[in-house]
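Taking it in order: structure first as structure tokens, then the write-up.
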Amino acid sequence: MSREKVAVLMGGRSLEREVSLASGERVVDALTSLGYRVLALDITPELVETLRAERPDCCYIALHGKDGEDGTIQELLEFLGIPYTGPGVTASALAWDKAVAKRLFLENDIPTPPWVTLTADAFKEAGAATALDLIPSVAGDYPLVVKPAKQGSALGLNRIDEASLLAEALLTALGYDDAAIIEKWIDGPELAVSVLNGLGGIEVLPPVEIVAKSGLFDFQAMYTQGETDYFVPARLQMSVFAEVERLARKVHELLGCRDVSRVDMVVGADGTPYVLECNTSPGMTQTSLLPMAAKAVGLSFQDVVERLTQAALSRRDSGTNFNTGV
Ligand SMILES: Nc1ncnc2c1ncn2[C@@H]1O[C@H](COP(=O)(O)OP(=O)(O)O)[C@@H](O)[C@H]1O
Ligand SMILES: [Mg+2]
């Protein structure tokens, strides 16, 4: 007997299109082998018409980056009355914008590296370029990292070791988004901490420790097999472990991430885990971190896909958490 109809949204026009297609293909395979009726859909001008004609029971969002992860597609699916996997509109929008998310972390006692946000308009309209000398007094001494406020997969991100490199790094970041974050570089183990909601409530999966062979966990290190070593669970002292778990849970709840999130952190020399960001549509590729963490607790890729799909379908049944429309 075939199960519900699930439309997998994948591809799209974001810079992470290829990553999304890789995630989507695996999700399609998993859903198919779980017995669902599966429709793989790219984001095209015909999407809404297709969704209205096909009337899937839910959408599985395998999109990453702008439009897929920032609340845009979520808002559209709310309008159409189709439940979908992952966080809702508000959580997506808050988490996607690092400038907003970091403010929320600061206001809620969640350690995040000191930083400055500068928008393109602040440069164009208000002469922010004349205050670049103040940056170390707020964000800390070099090395600093400069990145777009709204982007993923380390695109537009540069670590800079001296002030002479700042202007170019800012231009790069502002080529990707209308706001740039200049943040203290934290030297220490990097962690990705996945959070899943299950029957028993929020479950924090074992932190994955990331050791990029090049020293920078950039696009290539993220998606090329063999470029990065992963340790699951991360090699941490017990006290740090507990703090990492507490913070991941707190970030997930603070932003309202509902079914799933992945919180990226770096542990400072004093053992403080600093939260860099929270991802609301974590990668599901061969080298991705959420599937890796799930495996460590005996959850297969299929189990994760099944859990997220069931959570979306339960919203259809209960009519909660999405507008049912008229
Ligand atoms: N402040 C920082 N200190 C150390 N490493 C950082 C810092 N900010 C970013 N990185 C590195 O760059 C990667 C991407 O940065 P992140 O803030 O997670 O943005 P995104 O993944 O959305 O591009 C991180 O996984 C980490 O390796
Ligand atoms: Mg990240």
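Remember, it's 1-based here, ligands and their atoms both numbered in the order they're listed.
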Of all the non-hydrogen atoms in the protein, which one sits nearest to atom 3 (N) of ligand 1, and at what distance?
I186 N, 2.9 Å
Any salt bridge linking K250 with E245? Criterion: basic side-chain nitrogen under 4.0 Å from a carboxylate oxygen.
no
For D270, what residues pass the side-chain contact (heavy atoms from CB on, under 4.5 Å) criterion, not counting sequence neighbours?
T272, Y274
Could you pull out all donor-acceptor pairs under 3.5 Å where a side-chain atom in residues 120-137 meets a protein atom, sequence neighbours excluded?
residue: T130; atom: OG1; partner: G127; partner atom: O; Å: 2.7
residue: S137; atom: OG; partner: L134; partner atom: O; Å: 2.6

Given a cut-off of 2.8 Å, the protein N, O or S atoms lying below it from the Mg ion (ligand 2) are D264 OD2, E277 OE2
Atoms in ligand 1 with a heavy atom of F217 nearer than 4.0 Å:
13 (C), 25 (O), 27 (O)
For ligand 1 and N279, I'd like to know whether there is a polar contact (N/O to N/O, distance under 3.5 Å).
no
Check each heavy atom of A212 against ligand 1 and say whether those closer than 4.0 Å belong to the side chain, the backbone, both or neither.
neither
What I want to find out is whether D57 reaches R316 closely enough, with some N-O distance under 4.0 Å, to be called a salt bridge.
yes
Among all protein non-hydrogen atoms, which one is nearest to atom 5 (N) of ligand 1, and what is the separation to 0.1 Å?
W185 CZ3, 3.4 Å
side-chain hydrogen bond (donor to acceptor under 3.5 Å, both in side chains) between H64 and S153, intermediate numbers included:
CA-CA 9 Å; H64 308 304; S153 290; over 6 Å; no
Winner among T228, V263, L157, V266 once heavy atoms are compared against atom 15 (O) of ligand 1:
L157
The option among A154, P143, A221 carrying the non-hydrogen atom nearest to atom 23 (O) of ligand 1 is A154
Tell me, which protein residue and heavy-atom name are nearest atom 26 (C) of ligand 1, and how many Å apart are they?
E190 OE1, 3.2 Å
So, are K98 and D264 salt-bridged, with charged N and O less than 4.0 Å apart?
no
Ligand-side contact atoms (ligand 1) for residue partner D264, heavy atom cut-off under 4.0 Å
18 (O)
Using distance only, find each side-chain donor-acceptor pair of residues 233-240 under 3.5 Å and give its atom names and separation, not counting sequence neighbours.
residue: R235; atom: NE; partner: E209; partner atom: OE1; Å: 3.1
residue: R235; atom: NE; partner: E209; partner atom: OE2; Å: 3.4
residue: R235; atom: NH2; partner: E209; partner atom: OE2; Å: 2.7

Should K98 be counted as touching ligand 1, given the test is an N or O pair under 3.5 Å?
yes
The protein heavy atom nearest to atom 18 (O) of ligand 1 is E277 OE2, 2.9 Å
Can we say D97 and R103 salt-bridge, meaning some charged N sits less than 4.0 Å from an Asp/Glu carboxylate O?
no
Before accepting this row, confirm whether a basic side-chain N of the pair E277/K102 lies closer than 4.0 Å to the acidic partner's carboxylate O.
no
N-O pairing of D177 and K150 below 4.0 Å
yes
So, K184 and D141, do they make that salt bridge, N to O below 4.0 Å?
no
For atom 8 (N) of ligand 1, what is the nearest protein heavy atom, given as residue, atom name and distance?
K147 NZ, 3.0 Å
So which heavy atom in the protein is nearest atom 10 (N) of ligand 1, and how far is it from that ligand atom?
L276 CD1, 3.9 Å
Please could you name the atoms of ligand 1 that Q151 approaches to less than 4.0 Å, counting only its heavy atoms?
22 (O)
